[in-house]
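If you're wondering where the values come from, they're calculated on a predicted model, not measured in any experiment. Just so we're on the same page: letters track the sequence lines, and every chain starts at 1.
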Amino acid sequence: MINITLPDGSVRQYEAGASAYDVAMSISPGLAKAVLSAEVNGQVWDLTRPITTDANIKLLKWEDEWGKKTFWHSSAHLMAEALEAMFPGVKLGIGPPIDEGFYYDIDLGDRKLTEEELTALEAKMKELAAKDSKFIRKDVGKTDAVKYFTDKADPYKLELLEGLQDGEITFYEQGNFVDLCRGPHIPSTSYIKAVKLLSIAGAYWRGDEKNKQLTRIYGVTFPKQNQLDEYVALLEERKKRDHRTLGRELEIFTFDDEVGPGLPLWLPKGAAIIEKLEALAKKNENDQGYVRVKTPHIAKEALYIRSGHLPYYAESMFPPMELDGTKYYLKAMNCPHHHKIFGALPKSYRDMPLRLAEYGTCYRYEQSGELFGLMRVRSLQMNDAHIYCTKEQFEEEFMKVNDLYVKYFKIFGIEKYSMRFSTHAPAKLGAKYIDNPTLWKETETMVRNVLVKSGLPFVEVADEAAFYGPKIDIQVWSAIGKEFTLATNQVDFAQAERFDLWFTNEKNEKERPLIIHRAPLSTHERFIGFLLEHYAGKFPVWLAPEQIAILPISDKFLDYGKEVRDELKKHGLAVTLDERPEKIGKKIRDTEIRKVPYMLVIGEKEMNDRAVAVRRQGQGDQGVKSLENFVYDILQEVAEYR
RNA sequence: GCCGAAGUAGCUCAGCUGGUAGAGCUACUGAUUUGUAAUCAGUAGGUCGGGGGUUCGAUUCCCUCCUUCGGCUCCA
């Protein structure tokens, strides 16, 4: 007998060799039906795999991340089985589960998959799923495994086998399909009731550009049809929330073929949001002792050679223009210009820390396939600043920058983000990274200490640092699930040396400053793109490009409407008056769709009482208020950010 | 940059196998003077992404370029 401990601490006894399925069954048949896989002593196992020793187990259902992933992993195998049935001789790469579904990378030779074939493949999968084929786990010796895939002439699986040791190789078999796989899998294909193949894409084998590009098929499956229907509805919802859709509908920005790809044009409402973000940034930076500077958009090649950017980033900068035999580049970053400002006048320790801020416009030649609405563009305006400080001041300065992030995120109600601490890879010193092992170690330790001290949760990632030092990135997700670096906080111990920046310390010696690069409000492009999705276009009042719309019941009240408008304008509020000869219902509908936070309906009563009938976007009628009170209230509401 | 798909009016979209395009919303004009999510009527609006080719004739077929979308790679 073995003792099985469940997550609630209860212990049950079973015959040795009982499976997690048996455990579930002994609790209730309903549970056994819902369970997909099980965590056995911390490892995810097949539900049917015999357990021979005492174990802690957790039964995983659809609601559990790994239960779902087991299901999708098995779905990838089902798709592979269908592919082999439809395209004999197809070569298979890898087929893992992902956050929303699964994919399989396949090699069809010169053949191209059509939409019709994708539909047929989907049907084939459903047909095979209904056959209720069991997923069978088999331990295989390396020699046998190699022989199997040699006979099958599958170079990809053979390459994967090279990295595996004898004794750790398992095959999974279902129906006529056998795959090299670690598992685990659901008990049988019949669990899969709903199938949707989403897209076909190219993907380099093992993620390496130098390798052959395989065909990747993305799909998603569910245990119930209605879950698929809900998922399709969710995709629709996300599309509505996509900043590209909202940006067009709300007239925030546009692109034009003749202007160029990745070069957004800000419409008046977009520009209004930019102004408010800059006002917020300037206020906070002013409060924290930053000073503002302005720098040109271009510079000589020599500047970027000195900064060290050119060898690393030449390909992602716009090609240079040549004037009188000298190459000039559009700036892809503001730091070199700021370093020149630091170095322009002699500095003393009394000047430190020096915080230079600029909403600098940069141009980056992003690969054409990378452009993505406002989130990935070629011209961008960054909430940039460089802090020059002494080693002693570093911790406090770095901490203050982090505090600023947290403050901003609170203002915008940004809760879903992750902090990523990027460090260097020692093997790449001198290549990807500045070759100064001591300073790397020192600064990475400093940053880690600050992070731990601040108590902010973070993940540490090796080999993701900037070439000049470690950094912290704030990661967020777009409506359609793409991950982006929103803001960044970087340490730079290299450029002070390169630019020969120094200050005179208390002992009258020259000393190198440390530099912090920071951009808590990201770039206008990415931040506004993100905010559009974050708020689903419903900007808070202080940030809304159109804060109040005055809607007269009929044009008899236009004069009073103008009076109200002028009064609100006087207080710096963004207000419009709907002068169209439309019915009030139509005016309200159009304003609701524009997502204007406040609507003021005015008619006979309001005019006589010098009042307004207040309506909140999405919330309906809020009742009548005197104009005076309305002004007072709305000014209170926006005061914090003005 | 690579793989795949798409591009028809300002927006959302229709247009069978080649015979030079249509709806709704928007805009404009007129009527209506309206009390909390669409008043009615009329008018205008398109070298069917650009260029080349095949054809008597191309939005439709072919080539090419541009742009966008889904991925991959990249991301200071």
Side-chain angles (χ1 to χ4, degrees), chain A residues 98 103 105 112-115 118 198-218 239 242 244-245 248-249 251 254-262 304 307-310 312-317 331-336 362 364-373 375-376 380 382 384 464-469 471 473 480 482-485 488 490 492 495 517 519 526 551-558 580-593 599-606 613-624:
Chain A
I98 50 177
Y103 66 79
D105 284 346
K112 277 174 190 168
L113 268 187
T114 64
E115 290 289 320
L118 203 63
L198 299 164
S199 64
I200 307 173
Y204 301 107
W205 168 238
R206 302 204 128 179
D208 191 333
E209 221 176 345
K210 292 183 207 81
N211 288 340
K212 181 169 180 180
Q213 197 161 53
L214 305 180
T215 303
R216 175 171 296 180
I217 307 172
Y218 283 90
K239 203 179 154 200
D242 190 317
R244 293 165 294 185
T245 309
R248 181 173 53 242
E249 284 172 3
E251 299 176 8
T254 189
F255 288 94
D256 185 281
D257 282 4
E258 248 174 306
V259 174
Y304 303 109
S307 73
H309 283 100
L310 212 51
Y312 292 93
Y313 303 116
E315 290 204 347
S316 29
M317 291 175 78
K331 72 175 172 188
M333 64 295 291
N334 302 302
C335 29
C362 297
R364 295 178 180 180
Y365 189 73
E366 302 286 359
Q367 294 183 56
S368 60
E370 285 311 322
L371 301 174
F372 177 72
M375 302 300 238
R376 198 72 183 271
L380 45 111
M382 216 188 311
D384 211 359
E464 289 286 330
F467 74 85
Y468 44 67
K471 62 175 180 173
D473 289 324
I480 58 168
K482 266 185 199 261
E483 182 176 342
F484 286 95
T485 298
T488 179
Q490 313 180 345
D492 180 348
Q495 291 198 54
H517 302 235
R526 193 169 282 184
L551 313 178
I553 297 286
S554 84
D555 58 15
K556 282 189 224 157
F557 314 109
L558 270 181
R580 299 175 305 166
E582 290 289 351
K583 288 167 75 167
I584 192 66
K586 169 74 166 164
K587 290 180 184 175
I588 287 171
R589 180 182 156 78
D590 290 348
T591 315
E592 285 279 349
I593 289 170
M599 281 158 262
L600 302 181
V601 176
I602 52 169
E604 184 95 43
K605 284 182 297 207
E606 288 77 17
V614 181
R615 186 188 165 97
R616 275 309 294 259
Q617 200 277 345
Q619 294 170 34
D621 196 350
Q622 306 287 301
V624 178

| Counting just side-chain N and O atoms, does R244(A) come under 4.0 Å of either OP1 or OP2 of C69(B)? |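 True: R244(A) side-chain N/O within range (under 4.0 Å) of C69(B) OP1/OP2.
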At under 4.0 Å, does any side-chain N or O of K586(A) touch on OP1 or OP2 of A37(B)?
no
Is any N or O donor-acceptor pair between the side chain of [X] and the base of [N] shorter than 3.5 Å?
X: R376(A); N: C74(B); answer: yes
X: S316(A); N: A76(B); answer: yes
X: E366(A); N: G1(B); answer: no

[atom1] spacing across the pair [N] / [M], given as an integer number of angstrom:
N: G15(B); M: U59(B); atom1: C1'; answer: 9 Å
N: A41(B); M: G10(B); atom1: C1'; answer: 23 Å
N: C40(B); M: G52(B); atom1: P; answer: 46 Å
N: G57(B); M: U68(B); atom1: P; answer: 35 Å
N: A76(B); M: A37(B); atom1: C1'; answer: 47 Å
N: U47(B); M: A6(B); atom1: P; answer: 23 Å
N: A23(B); M: A58(B); atom1: C1'; answer: 24 Å
N: G24(B); M: G45(B); atom1: C1'; answer: 15 Å

May I have the distance from [X] (atom [atom1]) to [N] (atom [atom2]), rounded to whole angstrom?
X: K239(A); N: A6(B); atom1: NZ; atom2: C1'; value: 12 Å
X: K587(A); N: U32(B); atom1: NZ; atom2: P; value: 16 Å
X: R589(A); N: G24(B); atom1: CZ; atom2: P; value: 16 Å
X: M375(A); N: G70(B); atom1: CE; atom2: P; value: 12 Å
X: I602(A); N: U36(B); atom1: CD1; atom2: P; value: 16 Å

Searching all strands shown, indicate the nucleotide that pairs with [N] (Watson-Crick or G-U wobble; both distances under 3.5 Å).
N: G18(B); result: none
N: A6(B); result: U67(B)
N: U55(B); result: none
N: C11(B); result: G24(B)
N: U32(B); result: none
N: U60(B); result: none

Report task. Give a yes/no verdict on base stacking between A76(B) and Y312(A): centres under 5.5 Å, planes within less than 30° of parallel. Result -> no
Using a cut-off of 4.0 Å on non-hydrogen atoms, how would the nucleic acid contact of [X] be classed: base, sugar-phosphate, or nothing?
X: R615(A); answer: base
X: Y468(A); answer: sugar-phosphate
X: E606(A); answer: base
X: G373(A); answer: sugar-phosphate
X: G603(A); answer: base
X: S368(A); answer: base

Between [Y] and [X], is there a salt bridge with N-O shorter than 4.0 Å?
X: E582(A); Y: K587(A); result: no
X: R244(A); Y: D242(A); result: yes
X: D621(A); Y: R615(A); result: no

Nearest to the side chain of P261(A) - A76(B), G35(B), U67(B)?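 The closest nucleotide is U67(B).
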field: Listed nucleotide nearest any side-chain atom of Y204(A), set C2(B), U34(B), U68(B)
entry: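 The nucleotide sitting nearest to the side chain is C2(B).
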Q. Do F467(A) and Y313(A) make the cut of ring centroids closer than 6.0 angstrom?
A.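 That pair passes the under 6.0 Å test.
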Polar side-chain atom of [X] near backbone of [Y] as donor-acceptor pair, under 3.5 Å:
X: Q490(A); Y: T488(A); answer: no
X: D492(A); Y: Q495(A); answer: yes
X: R364(A); Y: M317(A); answer: no

